[in-house]
Amino acid sequence: MSSTFNRSSEHNSTQHDLQKQIDTINESLQQISNAMLQDQGSYQPQWSERAKQAANHVAAKSHEAAAVIGEQAHTLDDAVVNQLRSKPYLSLGIAAGVGFVLAQLSRK
């Protein structure tokens with residue numbers, strides 16, 4: 001009978017210890033949750049500012065890339081115009097040949 005009492009006593013003690021641990025964990029989680037809610041306000045502007053900076057950086061790089069591409073297109077356009085002006089008959093022959101080939105391909 002005493003062994004039954006001891007097991008019951010141990011069981012109650014274990015349950016009590018587990019309940020204490022659960023309560024401690026719940027309190028810790030509540031404290032962490034409260035701290036996160038308080039800190040959320042201070043972190044939000046920081047992340048918002050970082051996002052704005054990243055967006056501005058991307059926009060600036062996009063404008064730079066567009067300017068470079070525009071300059072390259074203008075340079076290429078000038079080169080084509082100069083080539084056409086320096087050899088007009090050759091350019092006309094090439095254009096006629098390409099047109100003839102495309103016409104033949106489109107008929108098939």
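Worth knowing before you read on, the calculation uses all heavy atoms, side chains too, and leaves out hydrogens, waters and symmetry mates. Quick caveat, the model's predicted, so the values are computed rather than measured.
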Original post:
Taking ILVMFWY side chains as joined if any heavy atoms are under 4.5 angstrom apart, and letting links pass through other members, which residues group with L84?
Top reply: V80
Subject >> Members besides I25 in its Ile/Leu/Val/Met/Phe/Trp/Tyr cluster (side-chain heavy atoms under 4.5 Å) >> reply: L29
Subject >> Whichever hydrophobic residues join V101 through chains of side-chain contacts under 4.5 Å >> reply: L105
**OP:** Could you pull out all residues at least two apart from N82 that satisfy side-chain hydrogen bond (donor to acceptor under 3.5 Å, both in side chains)?
**Re:** none
**OP:** Please answer: with hydrophobic residues joined when any side-chain heavy atoms are less than 4.5 Å apart, are V68 and L76 in the same cluster?
**Re:** no
Original post:
Pairs in or reaching into residues 53-74: which pass side chain to side chain donor-acceptor pair (under 3.5 Å), with residues at least two apart or in two chains?
Top reply: H74-D78
Original post:
Can you list every pair that meets side chain to side chain donor-acceptor pair (under 3.5 Å) and has a residue in residues 85-105, with sequence neighbours left out?
Top reply: none
